[in-house]
Enquirer: 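One structure follows; several queries about it will come next.
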Amino acid sequence: MFAYLVKRLISGALVLTLVSIAVFLLFWYGPSSPAQTICDRETSNRCGDRIEIYERTLGFDNPVHEEYLKWAKGVFVGRDIQIASTTYECEAPCLGVSYLTKQPVYEELVARLPATVSVAVGGAFLYLLFGIPIGVAAARRRGTVADKALVSSFLFLSSIPYYLFALLTWLYLTVLWEAPYVSDTGYFPITDNPAKWFAGMFLAWVALGIFGCTQYTRYTRGAMVEALSEDYIRTAKAKGLPPRAVVYRHGLRAALVPVVTIFGIDFGTLLAGTIFTERIFDIDGIGYWSLQAVQQKDLPVVAATVLFSAVLLIVSNLIVDVIYSVLDPRVRLS
Amino acid sequence: MTTTPSETHAGQAERPQSDGPILEVEDLSVTFPTQDGPVTAVKNLSYTVEMGQTLGIVGESGSGKSVSSLAVLGLHDAKSSKITGSIRVAGTEVVGLSESRMRRLRGNTVSMIFQDALAALHPFYKIGGQLEEAYLVHHRTASKRDARRKAIEMLDRVGIPQPDRRVDDFPHQFSGGMRQRAMIAMGLVNDPSLLIADEPTTALDVTVQAQILDLLQDLQREFNSAVIIITHDLGVIAETADDVLVMYAGRAVEYGTVKQILTRPEMPYTWGLLSSIPDVAASTDARLIPIPGNPPSLLSPPSGCSFHPRCTHTDKVPGGLCSSQLPELTPASGVDHVKRCHLANPELIYRTEVLPEIAPDLVEEIR
């Protein structure tokens, strides 16, 4: 088990290195120049020859591998970053400073994390809370009118593009119906005012929860239908167990394995930032931040958010595999 | 079908309704509605099983042998099956019995062990846990520790070495034979009056098969329970059964003691089954003769005798009776031996035509 974890962590580190190189190269050879953008912004669009100062201080006249190594070294020991005539201190783990705010990217990332975690945890909680029981209920009534109606209506819901669904949720609830209490969406720290935090997050959770619930209902239903047709379910019935024990202790226990697998990956992606949700419900989290960074050509922020997503995916994959081995005793990690 | 008088056994007095047979199936039919029309998997089946007796049910896949036994446990979904007739377990009618009362019977008075124990045991729970669960559901006042002790005791009884240690293993950590032993232990944990073993040895290799069958017989003697063994293997029948019920296309086609069925069968389908088993002791002249054709579709069963399209003896019955009229179960030559066949002199045909083909050395013996 320990050896397995070490192996996975090493391979994860390798993946991260490759991802960081890829992101770095994309920007370096990309069609638009971050130096131009930042120069225009800071000289009120009278950049002209001063572009050279920016290009030199940002390192764009150096060989790409030198700059990458400089960046990578900064991640571990920190470094000073010069943009034009100003030098910014960036402590380890240094992911650079934002070209826009001149703040160390890592600090901004950490500052935005609570908002994203709030969205992800609340949304995931809702869709599991509803998705799994509804899926189980549908599987138990497989083939009945109720099951068919549920499956087709959920299929309809989940075939709506998510951004449209979230946008409509927002539009109807806050603008048209002016739902009381929850219309002022956004992130308010839970430590300041839990009630306000809840109210601000509520609609984002509802949008994410309903949408995710349709998918998790389908996953759960599918896994349950399969589990309930297994021989060991017949054995459980033949023992004289009550239906509740047969369905939950024997059926759901087995059906949960694939659902947990999907959930692990899903949740990692959610934590990496839910761009649409955060944008639409005005939550200043990592998703929203990465969107802005792309629009503003804020290279260090984009690199950081991509890397952050990669870290989350690697970690959530690893956690899923470990949980998998706990849930299914036949799986031994090696 | 007639009821053979039951032998008296010690300990039988503790059983419910000890004087009657433990299982009486009467005129049982099981029909499943499908998209292509109703499928009658079991038709007008009747049989009885006495305490301490072993009934072997033989037949091909789809002959209704498993379906009829699942009906005894009430394991058919009421919404997707129609069951008529009567099944009495220890005197209690189970057709139409409420779910909750049925549950008290399942795994308690009647229990079932299935083929392929790897699939039939839950892969995520420890062997011991699954045995404890089976025990606790019918012993609500028992403690977890009692249940565990019982689980270890049962594993020990079915011959699992170091049961106190293996009780915490998962099914995949057991070998195939041990899994089937554990399955049997689970079936017997509540000391059932009737144990239904649905192809208990099919997934096992031959040496382990023999061990499992021996075990089942030992336990049957020990627990004095009635056993139904469902199989397509006449070898298993020969080794374990007292009475044999041969099923074809959902119907009983022959019934008798194991000796009658194996030595003086009177129904061509039984002949076919006997012809298609290899015998290591037989002379090298003996031929293995498969039954031609395939089991009939239950959606549109053949007219007359279900077996007639595959029967090689229809020409001996005058007037095309085989394809037009369903033969009744009629007494055969032996006592309580019945067969469903139009042939007038099946004994003679078996002795002169069938036996010389499959076991020439036996012809003399039988005479």
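Naming: A, B, ... by sequence-line order, numbering from 1 per chain.
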Enquirer: Looking at B/R149 and B/E153, does any basic side-chain N land under 4.0 Å from a carboxylate oxygen?
Expert: no

Enquirer: Heavy-atom distance under 4.5 Å to chain B: side chain of A/I233, backbone, both or neither?
Expert: neither

Enquirer: When you measure from the side chain of B/T34 to the backbone of B/D36, do you find a donor-acceptor pair of N or O atoms at a distance under 3.5 Å?
Expert: yes

Enquirer: Does any backbone or side-chain atom of B/H122 lie under 4.5 Å from a heavy atom of chain A? Answer side chain, backbone, both or neither.
Expert: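 When you check distances to chain A, atoms from both the backbone and side chain of B/H122 fall under 4.5 Å.
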
Enquirer: Sort out for me which of B/S111, B/A119, B/S100, B/G187 touches chain A most, counting heavy-atom pairs under 4.5 Å.
Expert: B/A119

Enquirer: For B/I228, run the side-chain contact (heavy atoms from CB on, under 4.5 Å) check against B/L23, B/T54, B/L245 and tell me which one passes.
Expert: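 That would be B/L23; it is the only one of B/L23, B/T54, B/L245 passing the side-chain contact (heavy atoms from CB on, under 4.5 Å) with B/I228.
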
Enquirer: Under 4.5 Å from any heavy atom of chain A, what part of B/M102 do you find: side chain, backbone, both or neither?
Expert: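 Answer is neither: B/M102 stays 4.5 Å or more from chain A.
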
Enquirer: Relative to chain A, which segment of B/L75 carries a heavy atom at a distance below 4.5 Å: side chain, backbone, both, or neither?
Expert: side chain

Enquirer: Where does B/F124 contact chain A at under 4.5 Å (heavy atoms): side chain, backbone, both or neither?
Expert: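 Interface part for B/F124: both.
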
Enquirer: Is B/Q130 close to chain A through its backbone or its side chain, or both, or neither, when contacts mean heavy atoms under 4.5 Å?
Expert: both

Enquirer: Using modelled atom types and a 3.5 Å cut-off, is there a donor and acceptor pairing between side-chain atoms of B/R104 and backbone atoms of B/H138?
Expert: no

Enquirer: Look at B/P171, B/A120, B/A134, B/G74 and state which one has the largest set of heavy-atom pairs under 4.5 Å with chain A.
Expert: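 Answer, by heavy-atom pair count under 4.5 Å with chain A: B/A120.
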
Enquirer: With a 4.5 angstrom heavy-atom cut-off, is it the side chain or the backbone of B/L70 that approaches chain A, or both, or neither?
Expert: side chain

Enquirer: Is the ring pair A/Y216/A/Y127 parallel, tilted or perpendicular, if the boundaries are 30 and 60 degrees?
Expert: parallel

Enquirer: Is there a donor-acceptor contact under 3.5 Å linking the side chains of B/S143 and B/D146?
Expert: yes

Enquirer: Mark yes when over 12 heavy atoms from residues, nucleotides or ligands other than A/F130 sit less than 6.0 Å from its CZ; otherwise mark no.
Expert: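 No, not enclosed.
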
